[in-house]
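Structure record follows, encoded as structure tokens.
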Amino acid sequence: MTRTGPTELDETTARNDVDPQRRVDAWLAEFESALAARDVRRACEMFAVDSYWRDLIAFTWNIKTVEGREGVADMLTARLADTAPSGFRTTEAPQESEGVVTAFVEFETARGRGCGHLRLTEEGAWTLLTTLYELKGFEEATGNRRPKGTEHGPGVGSTSWGERRAEEQATLGYTHQPHVVVVGGGQAGITLGARLRQLGVPALVVERNARAGDSWRNRYKTLCLHDPVWYDHLPYIPFPENWPVFAPKDKMGDWLEMYTRVMEIPYWTSSTCTSAYYDERAQEWVVHVDRDGERVTLRPRHLVLATGVSGKPNVPEFPGRDRFAGEQHHSSEHPGPEEYAGKRAVVIGSNNSAHDICGALWEVGADVTMVQRSSTHVVKSDSLMELGLGDLYSERAIAAGMTTHKADLTFASMPYRIMPDFQIPIYREIAERDADFYERLEKAGFQHDWGEDGSGLFMKYLRRGSGYYIDVGASELVANGDIRLANGQVTELTEDAVVLEDGRRLPADLVVYATGYGSMNGWAAELIGQEVADRVGKCWGLGSGTAKDPGPWEGEERNMWKPTHQEGLWFHGGNLHQARHYSLYLALQLKARYENIPTPVYGMQEVHHLS
């Protein structure tokens, strides 16, 4: 049969196919019109009553989430005029599900170019993410802007790449001062160093270990990443296609060392930052470094503490520690299990490191007891990968067109205030899927929780950075009794035992304190002084009012990747995902200051907690 025109069904299908695009285009056009007219009221009314705008430095020169129309109005009133946003457009076809249209967007400001993510309902914008990814006039030398690497023709290019690198290595920190000094050369310092290098900001990464990557190599030998490869790529150079899903720590160390060399990151090894202070008159830092026995003084404008997601190790001062005759150390100093075969080991703690260390000790034949002092959330690795991360970071996600960039934007687009609402159903499904596993674990006496509101691992990580274990096998050893379990608080150590509050004695030749870490500002206290540490306040946490994350609500990670109350002092850390993603925004903030671009900060955080 010959068709002379579209049927009614065809017209309906076509209309539904374009409606999400039309809706987003209409909203963006109206939003841009309101912003161009500086009509704050009209722009605010385009948001739902319960709405969230998360900005990563594009409007606020801060990492800031504003909530509701009042929050949007306050931010736009302060920042709209000199931000001058324009050019809002989608980058691909929007999608609709259950009445919510989602779209990836891009735009420009007076200073740079940005991208983001929009969730649109019938009421208006529910969530909006705006991020700055480059500064106008200071774009990275990529693509058509990539350097030639040499100059052709007679009499030019007489200085080789190797000679130029050698000269830089000899002069940076001596006759030529870096604009930024990054203390800590693990994944955080390395990713920031790479970003700053590509932006042309003179920066120096200072690492106390002998080689880049030693922060991984020096951990216990069985350590592997618990996050999957798709979640863990570094900027500019993704892991190869044959990289293991969970990278062993030595392989990770080698990759970081290679990356540091290939990305030409100025990087001092065997260098310990011994002290620092801010010279108010000169508006620069005075940083003292012991570089393999040589005392060097650096004078950067900015100091970044990139000492990891956590602060200094927490080592509890139990009575009797001084009389314990065996070996004792914090989990961060645990050398591996080999020398403890046949020994009696007591591991105090029940989170990731405790499980990993207990499992490795059991494998070499040690008699292992785990002391659980408080409940811990456990999730099986396979379940977390499939249900928690699979839509964004997996081969399945890649096959569906999800790139790392899009995954990062999607992940960042979910405001922390409502993130638990999306996490709770995931962990309910995990609980049902692995019900037998949890029944056996709890029957063995393990105290398990799902977070105070049932939101599971990610919220525990964001709120407190502890309190969980991604099970890669040790939980089975606990469930079947191969790893002994003791619940309760430790009251003291004797010459050969750990004593619990109920009087039980746990004979021990080795005690491992898998007792976590303090706030990152503990490093500031040690390096700069307690006054500065108190001025910037606690690092990490959202102010959720849950355990180890006291309120009031703050809405973003305290002090991370953004300006602090100490001029020129920044904090950078987190897992590999966060090191990759947030290093961009920190690097752009530092680049803007290096180029004397005005960076008026909106919504500077208050200090509610000192540590």
Side-chain angles (χ1 to χ4, degrees), residues 52 54 62-68 71 305 307-317 349-353 372-377 414-424 427 447-469 489 513-526 528-566 569-575 578 582 603-611:
Y52 308 86
R54 188 178 191 217
N62 198 357
I63 294 180
K64 183 72 176 178
T65 298
V66 295
E67 300 185 6
L305 300 187
T307 49
V309 64
S310 303
K312 298 182 64 177
N314 283 329
V315 181
E317 292 295 332
S350 56
N351 296 335
N352 265 337
S353 292
Q372 185 179 32
R373 300 185 298 167
S374 59
S375 65
T376 301
H377 169 55
M414 184 56 63
Y416 292 135
R417 175 79 81 175
I418 59 175
M419 187 176 285
D421 297 336
F422 291 81
Q423 294 295 306
I424 290 169
Y427 288 94
Q447 298 173 358
H448 181 260
D449 70 73
W450 295 93
E452 293 183 28
D453 54 2
S455 59
L457 184 144
F458 282 121
M459 295 313 302
K460 271 202 164 187
Y461 172 73
L462 293 167
R463 291 164 172 169
R464 55 185 282 189
S466 66
Y468 51 84
Y469 169 56
Q489 300 300 315
Y513 299 104
T515 45
Y517 300 83
S519 172
M520 286 177 65
N521 72 346
W523 291 117
E526 181 174 281
I528 308 166
Q530 192 63 50
E531 180 182 352
V532 169
D534 290 345
R535 186 179 306 149
V536 301
K538 180 180 175 66
C539 296
W540 208 260
L542 306 171
S544 64
T546 58
K548 299 186 179 181
D549 183 28
W553 177 250
E554 303 196 32
E556 294 288 346
E557 295 290 357
R558 300 180 186 96
N559 280 313
M560 298 303 300
W561 316 295
K562 58 187 175 182
T564 70
H565 285 285
Q566 170 57 57
L569 180 63
W570 309 77
F571 293 88
H572 178 39
N575 56 32
Q578 290 169 309
Y582 289 100
M604 191 72 176
Q605 63 188 356
E606 296 182 44
V607 176
H608 299 289
H609 308 282
L610 300 185
S611 62

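- Separating the OH atom in Tyr469 from the OG atom in Ser353 is a distance of 10.5 Å, to the nearest 0.5 Å.
- The two residues Phe571 and Met520 make their nearest non-hydrogen contact at CE2-O, 3.9 Å.
- For the pair Asp549 and Lys538, the salt-bridge criterion is not met [side-chain N within less than 4.0 Å of a carboxylate O].
- The aromatic rings of Tyr582 and Trp561 lie parallel to each other, their planes meeting at an angle below 30°, with 60° marking the opposite boundary.
- Of all heavy-atom pairs spanning Val536 and Asn521, the tightest one is CG2-CB, 4.3 Å.
- Across every non-hydrogen atom of Gln578 and Gly573, the tightest pair is CB-O, 4.2 Å.
- Smallest separation of non-hydrogen atoms from His609 and Gly551: NE2-O, 2.6 Å.
- Rounding to the nearest 0.5 Å gives a distance of 7.0 Å between CD of Gln566 and CD1 of Ile528.
- Legend: residues meeting side-chain hydrogen bond (donor to acceptor under 3.5 Å, both in side chains) with Glu526, ordered by chain and number and at least two apart, are Lys312.
- Atoms CD and CD1, from Gln423 and Ile418 in turn, are 11.5 Å apart once rounded to the nearest 0.5 Å.
- Counting heavy atoms from C-beta outward, Arg54 and Ile63 have side chains that approach closer than 4.5 Å.
- The CZ atom of Phe458 sits 9.0 Å away from atom CE of Met419, with the distance rounded to the nearest 0.5 Å.
- Pairing each heavy atom of Asn575 with each of Tyr461, the nearest pair is N-OH, 3.1 Å.
- Considering only heavy atoms from C-beta on, His565 comes within 4.5 Å of Val607 through its side chain.
- Side-chain contact between Glu554 and His608 is present, with at least one heavy-atom pair separated by less than 4.5 Å.
- Residues meeting the salt bridge (Lys or Arg N to Asp or Glu O under 4.0 Å) test with Glu606, sequence neighbours left out: none.
- The OH atom of Tyr517 sits 9.5 Å away from the CG atom of Asn314 when rounded to the nearest 0.5 Å.
- Sorted by first and then second residue, the salt bridge (charged side-chain N to carboxylate O under 4.0 Å, His left out) pairs with a member in residues 456-469 read Asp449-Lys460, Asp453-Arg463; sequence neighbours excluded.
- Atom CG of Leu542 is separated from atom CH2 of Trp553 by 5.0 Å, given to the nearest 0.5 angstrom.
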